[in-house]
Trainee: 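What follows is a structure written as structure tokens; I'll ask about it next.
Just so we're on the same page: letters track the sequence lines, and every chain starts at 1.
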There are 2 protein chains.
Amino acid sequence: MRYSSDHKAATRERLLDKAGALAKRQGFASTGVDAMVAEAGLTAGAFYVHFGSKSDMLKALVEKEMAASMAMFGDADSPLADAELAQRIAAYLSIAHVEHPEAGCCLPTLTAEVARADDGVRDSFEQAIQQMQARLCLLMDGDSDRAWSVLAQAVGAVMLARAMRGKPARKAVLDGVKRQILPKR
Amino acid sequence: MRYSSDHKAATRERLLDKAGALAKRQGFASTGVDAMVAEAGLTAGAFYVHFGSKSDMLKALVEKEMAASMAMFGDADSPLADAELAQRIAAYLSIAHVEHPEAGCCLPTLTAEVARADDGVRDSFEQAIQQMQARLCLLMDGDSDRAWSVLAQAVGAVMLARAMRGKPARKAVLDGVKRQILPKR
DNA sequence: GTCTATAGAGGGATAGAC
DNA sequence: GTCTATCCCTCTATAGAC
């Protein structure tokens, strides 16, 4: 064959990266296939060599993005220290994260779209979320409820902040939630 | 004129109601003007008599839907009792709410879309959210941080639950957050 | 105020050349 | 594996009849 399978895999990953950034900024449904492939230096026809449909790509996107987010909490063998966890949470709840969706977590932007996607996408999402909650639970002395609570709170706060126009209002949500999750000692 | 202004106002409200239900189920951007007007027994041309553009409707939708959600917390003069508030929160974090987005709160579905909307929409959203937080704050003995935390948590939890496929997983998020917000005494 | 018809742009997906 | 070209559908918005 004229192209190595390495080349194909690399192109697929590049496409996923670029499409992920676009989808996190503009939404997945409202980003056309054309725009995604163009970002990766390709044209429309090439898309369907890598993905069977646009929905297939959403599934792959969720898996890749969620794996990247999980990596922020260290791997299972070397868990984060408490102070490191607090720092990661503070970064999540920062103005920088609110203002640069393309570089951040996929959950505030993509979750509502996944909710309307087909079963395959929602299966992948469910699995990823459960892994993330389990990891958080480990880092929180096994407090499962608190892990769910912190996850929901962080995603909700960033999404709400992004939907508000003014910086002061954005800071109010972020700081309120931050103080609630990470109380001063 | 052949139609009273009452008729026009009533049509506009009916259109907003139907469009709101559709948008909460399928998303606003992915619901066409055609589908919205059809739901209200009209055709496309009529839409632009009531709204200058689709974006104008999103603004009106946010205002109407958020006002309806606010009404769930009683009016400013007769605040909810603690037990009533707890009951409202439990209903928000219920499987029924997750399974019937069209009848519920607009925040889990529309917030991510508002985040990508123009300034006018985001201004309306910000104002509505701040009113809602202020109301919650009143009901929580003035604990502003807790009001933000509960708001973000509730919206985040319902949205996450909707994006998961299985009922057990959905219950896990909802119940975890519910126990965290409304601790057993 | 509402309808029909249509303009004009953009969407997802496929076929065939290279 | 990628490109160009194209099909067919849906979208927002407008024009003109009633």
Trainee: Kindly point out which of C:dT2, C:dG1, D:dT2 is positioned nearest to the side chain of B:Lys8?
Mentor: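 The closest nucleotide is C:dG1.
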Trainee: In this structure, how many angstroms lie between the P atom of D:dG1 and the CZ atom of A:Phe51, rounded?
Mentor: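 Result: 13 Å.
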Trainee: Assign A:Gly45 to base, sugar-phosphate, or nothing according to its heavy-atom contacts below 4.0 angstrom with the strands shown.
Mentor: base
Trainee: Which nucleotide, C:dC3, C:dA13, D:dT12, lies nearest any side-chain atom of B:Ala46?
Mentor: C:dC3
Trainee: Assign B:Ser30 to base, sugar-phosphate, or nothing according to its heavy-atom contacts below 4.0 angstrom with the strands shown.
Mentor: nothing
Trainee: How close or far is atom C1' of C:dA15 from atom CZ of A:Phe47, stated in whole angstroms?
Mentor: 18 Å
Trainee: Tell me whether B:Lys24 contacts the main-chain N or O of B:Pro108 through its side chain, where contact means a donor paired with an acceptor under 3.5 Å.
Mentor: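 Flag not set: sc B:Lys24 to bb B:Pro108 has no pair under 3.5 Å.
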Trainee: Between C:dG1 atom P and B:Leu15 atom CG, what is the distance in whole Å?
Mentor: 13 Å
Trainee: Measure OH/A:Tyr48 against P/C:dG11 and give the value in whole Å, please.
Mentor: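 Atom-to-atom, A:Tyr48 to C:dG11, this comes out as 11 Å.
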Trainee: Check the surroundings of atom NZ in A:Lys171: do more than 12 heavy atoms from other residues, nucleotides or ligands lie under 6.0 Å from it?
Mentor: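 Result for NZ/A:Lys171: open.
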Trainee: Given D:dA13, C:dC3, C:dT14, identify the nucleotide with an atom nearest to the side chain of B:Leu42.
Mentor: C:dC3
Trainee: So, OP1 or OP2 of C:dT2: does either fall under 4.0 Å of a side-chain N or O from B:Thr11?
Mentor: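 True: B:Thr11 side-chain N/O within range (under 4.0 Å) of C:dT2 OP1/OP2.
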Trainee: At 4.0 Å (heavy atoms only), tell me whether B:Val33 reaches a base, stays on the sugar-phosphate, or touches nothing.
Mentor: sugar-phosphate
Trainee: D:dT14 C1' sits how many Å from B:His50 NE2, rounded?
Mentor: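 Checked: the NE2 to C1' distance equals 16 Å.
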Trainee: Round to a whole Å and report the spacing from CE of B:Met57 to C1' of D:dA13.
Mentor: 15 Å
Trainee: To the nearest Å, how far apart are A:Met36 CE and C:dG10 P?
Mentor: 16 Å
Trainee: Looking only at the side chain of A:Lys54 (C-beta and beyond, no hydrogens), which of the listed nucleotides C:dG12, D:dC3, C:dG1 gets closest?
Mentor: C:dG12
Trainee: If only side-chain N and O atoms count, and only distance matters, is there a donor-acceptor pair under 3.5 Å linking A:Lys59 with A:Ser124?
Mentor: yes
Trainee: To the side chain of B:Thr43, which of C:dC3, D:dG1, C:dA13 is closest?
Mentor: C:dC3
Trainee: Describe the nucleic acid contact of A:Gly52 in one word from base, sugar-phosphate, nothing, applying a heavy-atom distance below 4.0 Å.
Mentor: nothing
Trainee: When you get a sec, tell me which of D:dA13, C:dT2, D:dT2 is the closest nucleotide to the side chain of B:Val49?
Mentor: C:dT2
Trainee: Can you check the B:Leu58 CG to D:dC11 C1' distance for me, whole Å?
Mentor: 17 Å
Trainee: Report yes or no: does A:Glu84 contribute a side-chain atom to a donor-acceptor pair with the main-chain N or O of A:Ala81 at less than 3.5 Å?
Mentor: yes
Trainee: Using only atom types and a distance under 3.5 Å, with no angle test, would you say the side chain of A:Gln26 pairs donor to acceptor with the backbone of A:Ala23?
Mentor: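 Such a contact is absent between A:Gln26 side chain and A:Ala23 backbone.
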